[in-house]
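I have placed the structure first, in the form of structure tokens, so that the comments after it can refer back to it.
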Amino acid sequence: MFESTRDALTLPVLAVVGAIMLYQGYQERRDNRALEDHGVTTEATIESVDWQTIDWRNRNYSASIQYETESGRSVRASVDLSDRLGKSLRNQSPRDMPPLEIRYLPEDTQVVVLSNHADSSDFLLGVGAACLLGAIAMAIYRRS
């Protein structure tokens, strides 16, 4: 019974994961292009650093930040941190943390990345396409 359930779920799971990855890759590419085109660079104050513990290791670091836009408006947002940067900041008190250099979109101030952010949209689009192609191949194989 487990074999048939697993086989029955593989195709829809591959298709859904592929579609989600393609959507995330598209959003990442759109945001990165907009940030490169007309994003604004500024410094942000770190309010706190958060992380998750996965398999006894701390990962997925993010920082709650506050920054001021060109128009003088104060904005609170969250930005993803690399593991190396997150580990170096996690044990410091917020007042001892150095400011972060960020880029934000003036039209959507919640779209914020570190100024040295690497674009991962190609990876996400590639994984999404591979999952969808796998689902299509599996569907064709099952029909024959």
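Val111 and Leu114 fall into different hydrophobic clusters, where Ile, Leu, Val, Met, Phe, Trp and Tyr side chains are chained together by heavy-atom contacts under 4.5 Å. Hydrophobic cluster membership differs between Val113 and Trp51, with clusters built from Ile, Leu, Val, Met, Phe, Trp and Tyr side chains linked at under 4.5 angstrom. Placement of Val13 and Met21 within a single hydrophobic cluster is found when ILVMFWY residues are connected by side-chain heavy-atom separations under 4.5 Å, directly or transitively.
The minimum heavy-atom distance between Tyr104 and Thr42, with the atom names listed, is CE2-CG2, 3.8 Å. Looking at every heavy atom in both residues, Ala44 comes nearest to Ile102 through CB-CD1, 3.9 Å. In terms of heavy-atom proximity, Asp80 sits nearest to Ser62 at OD1-CB, 4.1 Å. Closest approach of Tyr61 to Lys87, counting heavy atoms only: OH-CG, 3.3 Å. Of all heavy-atom pairs spanning Pro98 and Leu89, the tightest one is CD-CD2, 4.0 Å. Closest approach of Ser64 to Asp50, counting heavy atoms only: OG-OD2, 3.9 Å.
With contacts defined as side-chain heavy-atom distances shorter than 4.5 Å, the pair Met97/Val49 qualifies. At a threshold of 4.5 Å between non-hydrogen side-chain atoms, the residues Val17 and Ile20 do not count as touching. Taking the side chain as every heavy atom from C-beta outward, Glu43 and Tyr67 never approach each other to under 4.5 Å. Side chains of Leu35 and His117 form no contact here, defined as non-hydrogen atoms less than 4.5 Å apart. A heavy-atom distance below 4.5 Å is found between the side chains of Glu107 and His38.
The backbone N or O of Pro106 sits nowhere less than 3.5 Å from a side-chain atom of Thr109 that would complete a donor-acceptor pair.
Between Asp31 atom CG and Leu105 atom CG the span is 6.5 Å, to the nearest 0.5 Å. Note that the CG atom of Leu100 and the CG atom of Leu85 stand 6.0 Å from one another [nearest 0.5 Å]. A distance of 11.5 Å separates OG in Ser121 from CG in Leu22, rounded to the nearest 0.5 Å. Here the OH-CG distance, from Tyr26 to Leu125, works out to 11.0 Å after rounding to the nearest 0.5 Å. Expressed to the nearest 0.5 Å, how far CZ of Arg103 lies from CD of Glu36 amounts to 8.0 Å. To the nearest 0.5 angstrom, Leu124 atom CG is 7.0 Å from Gln24 atom CD.
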Q: Start with the C-alpha distance between Val40 and Thr69, add both sets of side-chain angles, then the distance that settles side-chain contact (heavy atoms from CB on, under 4.5 Å), and finish with yes or no.
A: CA-CA 8 Å; Val40 177; Thr69 64; over 6 Å; no
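The number of heavy atoms from other shown groups lying within 6.0 Å of CZ (Arg30) is above 12.
Salt bridge present: Arg76 and Glu47 bring a charged side-chain N and a carboxylate O closer than 4.0 Å.
With hydrogens and angles left out, the side-chain atoms of Thr41 and Glu101 include no donor and acceptor closer than 3.5 Å. Using a 3.5 Å distance cut-off with no hydrogens or angles, the side chains of Asn32 and Glu28 do pair a donor with an acceptor.
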